[in-house]
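Here the structure is a predicted model, which means the values were calculated and not measured. We're numbering straight along the sequence, starting at 1.
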Amino acid sequence: MLKTVDVFDDWFFDSFKRYHKLQMFSVDKPVFSMELSCDSTVCLACEKPGENCFEVLNLELPSKLFQIENEHDSITTSRDLKIKCGTLTDNRLIDMKTLFGKSKTILSEEGVGKVTIYEMDPHKSDQMIPLLNIDSKVENAHLAVDCTTDTLIIWGKENACHTGCVFNIENSAKMLMIKDVTNDPACTYSPHFISKNELVVQNSENGSFDLYDLTSGQRVKNINLPEADNCAKWFLNTAYTSSKETNTFNLTSISNSGTLLTYDLRNCKAPIIYQKEMFTKCNNKINISLDPTNSQNYAVSGFDSNVYIIEESDCHTNMKHKFKHEGHMYTENEDLFKNIVTSSTLWLPMCGHNTLLSATIDGSIQGWQYIS
């Protein structure tokens with residue numbers, strides 16, 4: 001026990017040299033995913049242990065997390081995550097997306113063939129209010145949202161074929177259906193916006209991805225990876241953000257075998273970055289979060305209890321490790337070296353440069369600003 005305390009003490013004192021901010025919170029259930037709902041709130045999807053349902057919570061970030069360096073606390077400085085509203089799902093949650101700044105969240109549940117849009121207005125109720133059920137007939141749908149155009153992508157399986165439904169949230173209207181019979185019905189696919197008119201859909205089983213033109217619904221390209229890795233699952237993200245209109249030509253994909261690939265979508269013949277053994281192998285879901293203020297910075301979580309900040313080299317030909325956040329190994333009860341895994345990470349640019357929020361499958365949540 002004494003050795004455990006010594007390790008915690010060493011890390012705690014070392015943290016003063018590595019962080020401008022470090023705040024520890026917790027919820028009493030595993031955190032499945034996180035999404036910013038506005039500049040001051042975050043949506044958490046939490047698994048209910050022993051039950052086939054999830055709890056979705058909209059939480060207010062503490063003002064302490066917004067505090068600038070050396071700023072004195074005031075009597076109104078809050079230090080805890082505050083629940084504003086929430087809801088329980090009836091079934092296992094497949095995906096959650098928020099409409100940033102519009103007090104709405106979108107949930108996809110297992111085996112129901114519909115997607116539900118909820119209003120999050122604590123002035124009306126502390127319960128999230130169901131606004132609209134989208135009967136997409138798509139099973140176990142994964143979602144992508146573009147807030148600049150109020151466009152929702154619902155991607156899943158319908159009659160053994162993978163289907164994409166393009167839905168306008170503002171008008172409550174289905175705009176387009178994308179059917180691709182070449183997709184493997186046994187695989188899982190996830191959609192991501194590249195621009196307001198372009199979509200990339202990744203096969204998580206082999207890492208290949210398709211590019212689609214949303215104005216026509218046509219597939220533009222199919223990209224297969226340089227090498228097959230039958231033991232790995234693949235996860236992808238782009239620099240496109242739904243909180244403001246931007247364009248990106250790069251996408252980054254990471255497998256849970258530790259391989260990283262970055263493609264320039266203007267020329268997809270070969271990845272511009274191809275690195276093996278960037279991370280230790282695992283069987284977990286990997287989360288990739290891109291720094292909205294610096295396109296060369298990435299936060300990667302899911303491999304273990306840490307969050308890894310990586311960055312592109314000056315010549316943009318490889319990635320290098322920049323910072324490792326180990327705080328989730330050291331919780332407030334000093335229970336070290338548990339079998340915990342980071343489930344999601346978000347950059348918080350409104351709270352200052354290099355500031356992030358991360359969560360784990362044991363319910364630990366931490367806000368931190370690292371010193372680069």
query = Closest approach of G217 and I178, non-hydrogen atoms and distance?
reply =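 Closest pair (atom of G217, atom of I178, distance): O-CG2, 3.7 Å.
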message = If I compare all heavy atoms of Q296 with all of S313, which pair ends up nearest, and what's the gap?
response =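 Heavy atoms only, the tightest pair is OE1-O, 4.2 Å.
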ask   = Can you name the one residue among T345, N237, I254, L290 that meets side-chain contact (heavy atoms from CB on, under 4.5 Å) with Y298?
value =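 Going through T345, N237, I254, L290 one by one, the side-chain contact (heavy atoms from CB on, under 4.5 Å) with Y298 is satisfied by L290 alone.
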Just jot down the ring-ring contact (aromatic ring centres under 6.0 Å, His included) partners of [X], sequence neighbours excluded, or say none.
X    : value
F209 : Y263
Y212 : W155
F16  : F12
Y19  : F323, H325

Please identify each residue that fulfils salt bridge (Lys or Arg N to Asp or Glu O under 4.0 Å) with [X], with sequence neighbours left out.
X    : result
K269 : none
E139 : none
D304 : none
E158 : K179

key: Of all pairs that satisfy side chain to side chain donor-acceptor pair (under 3.5 Å), the ones with a partner from residues 125-134, not counting sequence neighbours   =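 Those involving residues 125-134 are T116-N133.
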[X] (side chain) donor-acceptor with [Y] (main chain) under 3.5 angstrom:
X    : Y    : value
E47  : K29  : no
N284 : G302 : yes
N256 : K233 : yes

With rounding to the nearest 0.5 Å, note down the distance linking [atom1] in [X] to [atom2] in [Y].
X    : Y    : atom1 : atom2 : result
K320 : K322 : NZ    : NZ    : 8.5 Å
E119 : T87  : CD    : OG1   : 12.5 Å
F66  : K21  : CZ    : NZ    : 8.0 Å
I117 : I129 : CD1   : CD1   : 14.0 Å

Would you say [Y] and [X] are linked by a side-chain donor-acceptor pair, where the criterion is simply a distance under 3.5 Å?
X    : Y    : result
D362 : S364 : no
N91  : T89  : no
T342 : H328 : no
D150 : N168 : no
T105 : E35  : no
N287 : S344 : no
T148 : D146 : yes

Within the structure provided, determine whether [X] and [Y] are in side-chain contact (heavy-atom separation under 4.5 Å).
X    : Y    : result
K157 : N140 : no
L251 : L265 : yes
M319 : E311 : no
L88  : E55  : yes
S204 : T188 : yes
L36  : F100 : yes
I106 : I169 : yes
V42  : L61  : yes

ask   = Counting heavy atoms not belonging to K281, are there more than 12 under 6.0 Å from its NZ?
value =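 Open.
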task = Among Ile, Leu, Val, Met, Phe, Trp and Tyr joined by side-chain contacts under 4.5 Å, find the other residues sharing a cluster with M128 and list them by chain and number.
result =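 Hydrophobic cluster check, M128: joined to F32, F54, V56, L93, M96, L107, Y118, M120.
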request  = Just jot down the side-chain contact (heavy atoms from CB on, under 4.5 Å) partners of D95, sequence neighbours excluded, or say none.
outcome  =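 With sequence neighbours excluded, D95 shows a side-chain contact (heavy atoms from CB on, under 4.5 Å) to K97, S108, H142, L143, given in chain and number order.
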key: Any residue meeting side-chain contact (heavy atoms from CB on, under 4.5 Å) with H321, in chain and number order, not counting sequence neighbours   =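 For H321, the residues satisfying side-chain contact (heavy atoms from CB on, under 4.5 Å) (neighbours in sequence not counted) are M278, F279, Y308, I310.
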ask   = Going hydrophobic residue to hydrophobic residue with side-chain gaps under 4.5 angstrom, can you get from V201 over to M177?
value =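 V201 and M177: separate clusters.
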request  = Salt-bridge test for K276 and E227: reply yes if a basic N is under 4.0 Å from a carboxylate O, no otherwise.
outcome  =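 Yes, K276 and E227 are salt-bridged.
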ask   = Would E109 and R92 pass as an ion pair if we require N to O under 4.0 Å?
value =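 Answer for the salt bridge query: no.
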